[in-house]
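For this chain, numbers begin at 1 and follow the sequence in order.
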Amino acid sequence: MNVTTTLSLKAGAILLVCALAGCSSKVTETKQYSGFIADYSNLAPAKTASGQEVLRWVAPDFRLSNYKSLYFAPVIYYPKPMPNKRVTEQTLEQVRLYTDQRLRSALGAHIRIASQPEPGGLILKTAIAAVSAENKDLRFYEVLPVTAVVAGTMALSGQRSQNATLFLEAEAIDVSTNETVAKVVRKGYGGSISNSNAPITQADVKGAIDVMISDVTAYVSN
């Protein structure tokens, strides 16, 4: 079997698995937008300090240092989540509280947090759009035709390992002008989950939140 034939078989196998089980995107797809942000049309791909891909828009003249205070609206779920056996109501609240506390603390190190919107200040609205899990990407040895088909079958039967995922959307608004000055839509990856039936816990999602907070800290520090 020549190299061209081998590559063709590998490519075909990968396409087959994608068709059977779905291949994951590293950024939030259009169909996954929650509607929390009023306008998604000017979002553009960007790389964070950690090398993660996000969708972001920032006004050209935006500087956090130009603002006297930040009203940090409590992190919410949007739309309203539906707890189930995989993601319980307790887990959802633990994830929300952890995200709220970490983000508030990170931003509070760079700007005064106000109890209400103030003139000359900024408002930050943040929503968790989803807590879920998706099948892990194929590893190199799994692109062989037979192995890829087996991997696809495992994914369909729920046996394939997954990554916990967190979808976050945020929008910063200038209090004085009521204009949006920055917005971001981000998909984060947490810990490994054994299969599609295993519960998703706060510990599984924590890593995704920590990386997001690290990137926020790096961005506002510039």
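Counting all heavy atoms, side chain and backbone alike, K187 lies closest to E134 at NZ-OE1, 3.0 Å. Between A133 and I193, the shortest heavy-atom distance links the atoms CB-CD1, 4.0 Å. In plain terms, the two heavy atoms of G190 and N163 that are nearest each other are O-OD1, 4.4 Å.
Under the 4.5 Å side-chain heavy-atom criterion for ILVMFWY residues, a single connected hydrophobic cluster contains both I113 and V181. Under a hydrophobic clustering in which Ile, Leu, Val, Met, Phe, Trp and Tyr are joined whenever their side-chain heavy atoms come within less than 4.5 Å, directly or via other members, Y189 and L168 fall into different clusters. The hydrophobic clustering, which links ILVMFWY residues whose side-chain heavy atoms are closer than 4.5 Å, places V184 and L166 apart. In terms of hydrophobic clustering, with Ile, Leu, Val, Met, Phe, Trp and Tyr side chains grouped at heavy-atom distances under 4.5 Å, V131 and Y98 are assigned to a common cluster. Residue L43 is not grouped with residue Y219 when hydrophobic side chains (ILVMFWY) are merged at heavy-atom distances under 4.5 angstrom, including chains of intermediate members.
Here V211 is tied to no hydrophobic group at all, with no ILVMFWY side chain closer than 4.5 Å.
Counting only heavy atoms from C-beta outward, the side chains of V95 and Q202 approach each other to under 4.5 Å. Side-chain atoms of K183 and D39, non-hydrogen and from C-beta on, do get closer than 4.5 Å to each other. No side-chain heavy atom of E53 sits under 4.5 Å from any side-chain heavy atom of P45. Proximity of L103 to L124: side-chain heavy atoms (C-beta onward) are separated by under 4.5 Å at one or more points. Residues H110 and T217 are in side-chain contact: their nearest non-hydrogen atoms beyond the backbone lie under 4.5 Å apart. Between F36 and T126 the shortest side-chain heavy-atom distance does not fall below 4.5 Å.
Going from atom CE of M212 over to atom CZ of R102 covers 12.0 Å, rounded to the nearest 0.5 Å. Atom CD1 of I173 is separated from atom CD of E179 by 9.5 Å, given to the nearest 0.5 angstrom. With rounding to the nearest 0.5 angstrom, the CZ atom of R96 is 8.5 Å from the CD atom of Q101.
Applying the salt bridge (charged side-chain N to carboxylate O under 4.0 Å, His left out) criterion to K206, with sequence neighbours excluded, gives D210. In this structure, the side-chain hydrogen bond (donor to acceptor under 3.5 Å, both in side chains) partners of S132, at least two apart in sequence or on a different chain, are T165. Checked against side-chain hydrogen bond (donor to acceptor under 3.5 Å, both in side chains), T99 has no partners two or more places apart in sequence or in another chain. Scanning for ring-ring contact (aromatic ring centres under 6.0 Å, His included) contacts around Y40 gives Y33, with sequence neighbours left out. With sequence neighbours excluded, the residues forming a side-chain contact (heavy atoms from CB on, under 4.5 Å) with A49 are D215, A218, listed by chain and number. Partners of V175 according to the side-chain contact (heavy atoms from CB on, under 4.5 Å) rule, which considers only residues two or more places apart in sequence or in another chain, are P117, I123. Listed by chain and residue number, nothing satisfies the side-chain contact (heavy atoms from CB on, under 4.5 Å) test with S105 (two or more places apart in sequence, or in another chain). Remark: S176 pairs with no residue by the side-chain hydrogen bond (donor to acceptor under 3.5 Å, both in side chains) rule, at least two apart or across chains. For the side-chain contact (heavy atoms from CB on, under 4.5 Å) test, residues two or more places apart in sequence or in another chain that qualify with N66 are R63.
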Q. Step by step, would you call T180 with W57 a side-chain contact (heavy atoms from CB on, under 4.5 Å)?
A. CA-CA 10 Å; T180 296; W57 177 84; 4.3 Å; yes

Q: Please report the C-alpha distance between E169 and V185 in whole Å, then the side-chain angles of each, then the deciding distance to 0.1 Å, and finally whether the side-chain contact (heavy atoms from CB on, under 4.5 Å) criterion is met.
A: CA-CA 4 Å; E169 301 185 7; V185 173; 4.0 Å; yes

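Annotation: Q90, atom CD; neighbour count of heavy atoms from other residues, nucleotides and ligands within 6.0 Å does not exceed 12.
Judged by distance alone, with hydrogens and angles left aside, the side-chain atoms of T28 form no donor-acceptor pair with the main-chain N or O of Q32 at under 3.5 Å.
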Extract all donor-acceptor atom pairs below 3.5 Å that involve side chains of residues 68-87 and protein atoms in other chains or at least two apart in sequence.
| residue | atom | partner | partner atom | Å |
| --- | --- | --- | --- | --- |
| S69 | OG | E118 | OE1 | 3.0 |
| Y77 | OH | L92 | O | 2.5 |
| N84 | OD1 | R86 | N | 2.9 |
| N84 | OD1 | V87 | N | 2.8 |
| R86 | NE | S196 | O | 3.2 |
| R86 | NE | A198 | O | 2.8 |
| R86 | NH1 | Q162 | OE1 | 3.2 |
| R86 | NH1 | S196 | O | 3.0 |
| R86 | NH2 | Q162 | OE1 | 3.1 |
| R86 | NH2 | N195 | O | 3.2 |
| R86 | NH2 | A198 | O | 3.0 |

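Residue pairs meeting the salt bridge (charged side-chain N to carboxylate O under 4.0 Å, His left out) criterion with at least one member in residues 193-204, sequence neighbours excluded, do not occur.
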